[in-house]
2 protein chains.
Amino acid sequence: MGRKIEIKKSEETSKRQVTFSKRRSTLLKKAKEIAISGDVDVLLVAFSTAQRLSKFCSKNRIEDILQRYIELPIARKFSYVNKP
Amino acid sequence: MGRKIEIKKSEETSKRQVTFSKRRSTLLKKAKEIAISGDVDVLLVAFSTAQRLSKFCSKNRIEDILQRYIELPIARKFSYVNKP
DNA sequence: ATAACTATTTATAAGTC
DNA sequence: TGACTTATAAATAGTTA
């Protein structure tokens with residue numbers, strides 16, 4: 001990928017957020033692609049340090065599980081997930 | 001990616017499984033990478049038509065949620081997830 | 001922060017064994 | 001089923017605006 005680097009946590013917050021943002025869009029895209037081309041159910045959730053939840057679910061069954069057991073419980077304990 | 005194609009379900013089972021297998025390893029790798037470089041918690045689950053569960057969890061908290069609310073309930077209802 | 005650019009590395013569809 | 005090869009497309013780290 002681009003200029004060769006070691007995969008590790010960047011201690012610079014702004015750089016880390018840029019990297020996360022770029023990679024998140026690719027990861028979500030690939031999750032959607034494998035769900036379609038492989039005809040599988042996929043659930044992908046990322047809790048970022050910037051306090052946001054990124055998710056992709058290919059099917060309703062997984063979506064239900066996510067909402068009932070992950071999103072709602074977290075929403076009750078941590079107000080940050082209510083951010084837009 | 002390679003020769004240009006449209007992302008859609010392949011009706012040929014063997015071809016679909018090859019594509020899924022290749023893409024799964026890349027997706028798991030990228031999930032691990034974003035967890036490290038972005039310092040985030042990541043959960044990735046794929047239920048394949050070949051009756052297997054592929055997963056990656058970066059942190060224990062998500063691992064617990066996955067085991068308690070997704071893996072165990074499914075194991076009780078669908079024997080196929082007990083396959084190796 | 002955010003968005004484009006670009007040189008380079010990765011991913012991968014198709015093919016072969 | 002895999003494992004390997006190859007031509008090509010996609011991803012991306014660093015940079016610049």
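The chains referred to below are lettered A, B, ... by the order of the sequence lines, with proteins before strands, and numbering in each begins at 1. Here the structure is a predicted model, which is why all the values come from computation and not from measurement.
- Comparing C/dT10, C/dA1, C/dA14 against the side chain of B/Lys29 picks out C/dT10 as the nearest.
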Side chain to side chain contact (heavy atoms under 4.5 Å, CB included) assessment of A/Thr13 paired with A/Gln17:
CA-CA 6 Å; A/Thr13 302; A/Gln17 286 176 345; 3.9 Å; yes
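- Taking only distance into account, the side chain of A/Lys22 meets the base of D/dA13 through a donor-acceptor pair shorter than 3.5 Å.
- Per the geometry, CD1 belonging to A/Ile7 stands 14 Å off P belonging to C/dT9, to the nearest Å.
- Between the CD atom of A/Glu6 and the P atom of C/dT10 there is a distance of 13 Å, given to the nearest Å.
- Searching all strands for a Watson-Crick or G-U wobble partner of C/dA1 with both distances below 3.5 Å returns nothing.
- Mapping A/Val18 and B/Arg3 onto DNA chain C by nearest heavy atom places A/Val18 at the nucleotide closer to the 5' end.
- Here B/Ile34 contributes atom CD1 and A/Ile7 contributes atom CD1; the two are 10.5 Å apart, rounded to the nearest 0.5 Å.
- Proximity note for A/Lys30 (side chain, C-beta onward) versus D/dA11, C/dT9, D/dA13: the nearest is D/dA11.
- Nearest to the side-chain atoms of A/Thr26 among the listed nucleotides D/dT12, C/dT8, D/dA10 stands D/dT12.
- Of the side-chain N and O atoms in B/Lys4, none sit less than 4.0 angstrom from OP1 or OP2 of C/dT12.
- Remark: B/Lys32 NZ to B/Leu27 CG distance equals 11.0 Å, nearest 0.5 Å.
- For A/Ile5, counting side-chain heavy atoms from C-beta on, the closest listed nucleotide (D/dA13, C/dA1, D/dT1) is D/dA13.
- One hydrophobic cluster holds both B/Leu28 and A/Leu28 under the rule that ILVMFWY side chains link at heavy-atom gaps under 4.5 Å.
- Between B/Lys8 atom NZ and C/dA13 atom C1' the separation is 13 Å, expressed in whole Å.
- Between B/Leu28 atom CG and C/dT12 atom P there is a gap of 12 Å when expressed in whole angstrom units.
- At least one side-chain nitrogen or oxygen of A/Lys15 sits closer than 4.0 Å to the OP1 or OP2 atom of D/dG14.
- OP1 or OP2 of C/dT12 lies within a sub-4.0 Å distance of a side-chain N or O belonging to B/Arg23.
- In this structure, of C/dA1, C/dT10, C/dA13, it is C/dA13 that holds the atom nearest to the side chain of B/Thr19.
- Between the NZ atom in B/Lys30 and the CZ atom in A/Arg23 there is a gap of 5.5 Å [rounded to 0.5 Å].
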